[in-house]
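Worksheet: one structure, shown below.
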Amino acid sequence: GENVEQHPSTLSVQEGDSAVIKCTYSDSASNYFPWYKQELGKRPQLIIDIRSNVGEKKDQRIAVTLNKTAKHFSLHITETQPEDSAVYFCAASLPSGTYKYIFGTGTRLKVLA
Amino acid sequence: EAGVAQSPRYKIIEKRQSVAFWCNPISGHATLYWYQQILGQGPKLLIQFQNNGVVDDSQLPKDRFSAERLKGVDSTLKIQPAKLEDSAVYLCASSLGTSGQETQYFGPGTRLLVL
């Protein structure tokens, strides 16, 4: 079945530095890739998403890139701030059947002030 | 716009007891999802409804878990009897349509501890 691998599991960066989180998916037919941020004890919230017909998407300090050939996509956060500290989950949506999301295992990002 | 509502927020039970969770999705959202999130892991889909029909329950442990979405709106998830390994956060999510390329909005979750 579909599998999504996410790396690293933890990431510490200095405030102002960039952070990159990478995900790899197994089903080449996957066509939608959302990223969620989950703060401690709170619900996951969508921060950015990308569809398979697009290679890159930016929204202020965050960007996502997609390489369909290699079946991987990455989240880039620039000029990190302490409030960026959270767990980030990637997901891939299967295009057929039930269109369910398969989530990665999460990356705990710590931004050190 | 009101978000996805869930209750209770926390529940502590002993193994072999029963428990039920409730979810009210965003108004007008056709698709409703129940996820199980074990500490340190990503959410795992248990069951997906489109309106009041089940479209995916392949990862639902049907010997102990059940779910329903009457009238295509609210949903309940039940565990009977509970096991220690059921300790997790149970997240409900909803999306407007059924294309799979739409945002899923999550509720605050119900944190279950089975002793």
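Chain A is the first sequence line, chain B the second, and so forth, proteins listed ahead of strands; every chain is numbered from 1. Just so you know, these numbers come straight off a predicted model, no measurement behind them.
Both the backbone and the side chain of A:Pro44 come within contact range of chain B, judged by heavy atoms closer than 4.5 Å. For chain A, no part of B:Gln6 is nearby; none of its heavy atoms comes within less than 4.5 Å. Only the side chain of A:Tyr36 comes within less than 4.5 Å of a heavy atom of chain B; its backbone N, CA, C and O stay farther away. Looking at A:Gln38, the atoms closer than 4.5 Å to chain B (heavy atoms on both sides) all sit in the side chain, from C-beta outward. Interface residue B:Ser58: only side-chain heavy atoms are found under 4.5 Å from chain A.
The number of heavy-atom neighbours closer than 6.0 Å to CD of A:Gln60, taken from other residues, nucleotides and ligands shown, is 12 or below.
Tested against A:Trp35, the residues A:Phe73, A:Phe89, A:Phe103, A:Tyr101 include a single ring pair (Phe, Tyr, Trp, His ring centres under 6.0 Å) partner, A:Phe73. Of the candidates B:Ser95, B:Ser94, B:Ser75, B:Ser95 is the only one forming a side chain to side chain donor-acceptor pair (under 3.5 Å) with B:Tyr33.
With respect to chain A, the highest number of heavy-atom pairs below 4.5 Å among B:Ala93, B:Gly42, B:Pro43 belongs to B:Pro43. Counting heavy-atom pairs under 4.5 Å between each of A:Lys42, A:Arg108, A:Arg51 and chain B puts A:Arg51 at the top.
The closest donor-acceptor contact from the side chain of A:Gln6 to the backbone of A:Tyr88 lies under 3.5 Å. A side-chain donor-acceptor contact under 3.5 Å links B:Thr110 to the backbone of B:Pro8.
Side-chain contact between A:Lys57 and A:Asp49: present, with at least one pair of heavy atoms (C-beta onward) separated by less than 4.5 Å.
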